[in-house]
A.B. asks: 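Here's a structure for you.
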Amino acid sequence: MSAKNTLEEVFNKFLENDSIFRDRSVLTHDFIPQHFPHRDFQIRTLGEILAPALKGFKPSNLFIYGKTGTGKTAVIRYVLNILEKEARKLGSPTVTCYVNCRLIGSEYKIYTQFCKNLGYKVPFTGLSLSELFSRFSSYLDESRSIFIVVLDEIDALVKSKGDNLLYHLTRINETLNFSKVSIIGISNDLKLKESLDPRILSSLSEEEVIFNPYNAAELKDILVERAEMAFKESVIDEGTIALCAALAASEHGDARRALDLLRIAGELAEREGSNTIEERHIRRAERKIERDRVIEAISSLPLHSKLIIFSLYLRERKLHQHSITGEIFNVYKNVCSKLGINPLTQRRISGLINELDIIGLLNAQVTSFGRYGRSKKIKLNIDEDIILKVFSMDERLSTLLNSKLDSIYKFK
DNA sequence: CGTCCACAGGAATGACGGGCGG
DNA sequence: CCGCCCGTCATTCCTGTGGACG
């Protein structure tokens with residue numbers, strides 16, 4: 001069959017088949033729902049903290065903690081939305097600004113975003129930080145508003161750029177005559193508290209709200225609600241959703257994970273031409289997510305770490321047993337010489353192996369062999385088909401894989 | 001019970017690149 | 001724009017060590 005015919009068949013099948021989805025976007029990460037099961041308490045607390053803005057008073061600064069997938073971001077964006085609408089109705093000068101520090105990245109861009117939300121334009125480059133800051137603060141004062149800043153994933157900012165911006169923001173109110181700034185920090189790292197300057201910390205956490213992980217029952221409530229919007233009638237039954245919830249709960253109570261599971265299971269079912277989502281689709285979705293994660297992890301590894309994985313795989317393919325550092329190092333050296341790459345030292349390799357152990361791509365355990373020394377017992381922790389898939393993408397490694405390899409195991 | 005293997009893993013130091021202040 | 005400083009990666013040198021073996 002020609003390629004054209006194959007494609008036509010695929011497209012036609014896609015067009016003919018009614019989708020099982022009503023609205024796929026409901027299950028994606030950036031969807032902001034209108035209901036938040038089991039978050040009433042947090043929403044109410046946030047509302048109480050922010051309400052003063054409506055009367056023109058500065059709300060307390062606020063710190064929000066919670067692991068990934070506990071609804072922090074979605075809830076705060078929802079609350080801000082409503083707050084802004086309400087403020088507009090009342091004619092209260094409340095301006096909000098949501099910034100994701102991981103995405104926005106630099107201090108400069110964050111101030112730029114602030115200015116933009118205040119309705120001012122600043123050059124996207126060229127100003128010094130202090131100039132930008134003073135422009136921002138004069139714009140802000142001019143606007144005579146309550147400016148509510150949300151810094152999401154604030155731990156990323158502090159880790160990479162330090163607490164400079166936070167320091168200036170917490171003190172800016174002292175110099176403003178007509179405006180006020182409230183800061184809302186969102187972090188999924190409780191340890192951030194320790195690494196922050198205590199003065200900043202105390203000013204920032206006038207109020208705190210904690211988002212605890214969802215349990216299986218709570219996840220199920222969320223999924224049921226979303227599945228209703230996402231899928232057509234009777235595509236998925238309650239038992240299947242419960243399975244989804246249970247799988248995600250046993251992980252970390254991560255709702256994002258649970259929604260991924262549901263969406264991917266739906267895509268798998270649809271591709272298969274099934275008009276219901278069954279348990280097997282969920283199971284396969286779980287495996288696919290895990291596989292994609294591992295493939296992504298390996299692909300983004302630095303060169304020599306990849307070579308270590310590669311060498312370890314070669315050894316395990318020949319001798320089905322654990323390896324020790326020195327043995328891997330010898331294979332690794334031979335692989336390097338085949339590829340014309342300068343090998344790193346054994347000391348460094350030992351360190352890299354530890355890093356790979358932490359990521360979970362292999363298991364390493366220091367073991368004593370008595371008379372025969374002391375080393376790390378090392379075993380790969382990746383399925384063979386994933387290894388083959390990743391390394392066949394690299395031309396030179398895949399030819400190495402297919403060539404005669406005996407010499408790689410030899411050394412002096 | 002001492003020895004000795006085959007490393008582990010800490011400390012100091014060097015090479016490099018990227019951001020920042022003047 | 002340039003020099004400086006800092007963080008990251010890597011090397012070198014080193015001391016420490018669990019336990020089988022003799």
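We name chains A, B, ... by the order of the sequence lines, and we start the count at 1 in each one. Heavy-atom basis, side chains included; hydrogens, waters and symmetry copies ignored.
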A.B. asks: So, OP1 or OP2 of dA6(B): does either fall under 4.0 Å of a side-chain N or O from Lys376(A)?
C.D. replies: no
A.B. asks: How long is the line joining CG of Leu307(A) and C1' of dC9(C), in whole Å?
C.D. replies: 16 Å
A.B. asks: Whole-Å distance between dG9(B) C1' and Leu344(A) CG?
C.D. replies: 17 Å
A.B. asks: Nearest whole angstrom, please: distance from the P of dA6(B) to the CD1 of Ile378(A).
C.D. replies: 15 Å
A.B. asks: Grab the CZ-C1' distance between Arg348(A) and dG10(B) for me, whole Å please.
C.D. replies: 14 Å
A.B. asks: Quick one: is dT11(C) close enough that its OP1 or OP2 comes under 4.0 Å of any side-chain N or O from Thr345(A)?
C.D. replies: yes
A.B. asks: For nucleotides 17-19 of chain C, which of its nitrogen or oxygen atoms have a protein nitrogen or oxygen under 3.5 Å away, and what is each distance?
C.D. replies:
from    : atom 1 : to        : atom 2 : distance (Å)
dG18(C) : N2     : Gly370(A) : O      : 3.1
dG18(C) : N2     : Gly373(A) : O      : 3.3
dG18(C) : N3     : Ser368(A) : OG     : 3.1
dG19(C) : O4'    : Ser368(A) : OG     : 3.1
dG19(C) : N2     : Gly370(A) : O      : 3.3

A.B. asks: Can you see whether Asn188(A) engages Lys72(A) through a side-chain donor-acceptor pair at a distance of less than 3.5 angstrom?
C.D. replies: no
A.B. asks: For the aromatic rings, using the six-membered ring if either is Trp, is the centroid distance between Phe147(A) and Phe114(A) under 6.0 Å?
C.D. replies: yes
A.B. asks: Grab the CG-C1' distance between Asn354(A) and dC7(B) for me, whole Å please.
C.D. replies: 12 Å
A.B. asks: Identify which one of Ile277(A), Leu223(A), Thr240(A) satisfies the side chain to side chain contact (heavy atoms under 4.5 Å, CB included) criterion when paired with Leu262(A).
C.D. replies: Leu223(A)
A.B. asks: Taking the six-membered ring for Trp, is the centroid-to-centroid distance between Phe21(A) and Phe231(A) below 6.0 Å?
C.D. replies: yes
A.B. asks: Whole angstrom is fine here: how far is it from NZ in Lys377(A) over to P in dA6(B)?
C.D. replies: 16 Å
A.B. asks: Round to a whole Å and report the spacing from CD of Glu355(A) to C1' of dG9(B).
C.D. replies: 13 Å
A.B. asks: Taking only Lys NZ, Arg NE, NH1 and NH2, and the carboxylate oxygens of Asp or Glu, determine whether Arg263(A) and Asp260(A) approach each other closer than 4.0 Å.
C.D. replies: yes
A.B. asks: Taking only N and O in the side chain of Ser350(A), is any of them less than 4.0 Å away from OP1 or OP2 of dA8(B)?
C.D. replies: yes
A.B. asks: Using the six-membered ring of Tyr332(A), assess whether NZ or CZ of Arg315(A) lies under 6.0 Å from its centre and within 45 degrees of the ring axis.
C.D. replies: no
A.B. asks: Reading nucleotides 11-16 of chain B 5' to 3', which nucleotides get B (base under 4.0 Å from a protein heavy atom), which S (sugar-phosphate only), which -?
C.D. replies: ------
A.B. asks: When the distance from NE2 of His322(A) to P of dA6(B) is rounded to whole Å, what number comes out?
C.D. replies: 14 Å
A.B. asks: Please tell me whether His281(A) and Glu272(A) have a donor and an acceptor in their side chains that are separated by less than 3.5 angstrom.
C.D. replies: yes
A.B. asks: To the nearest 10 degrees, what angle separates the axes at the start and end of the helix from dC1(B)-dG22(C) to dG22(B)-dC1(C), five pairs each?
C.D. replies: 20°
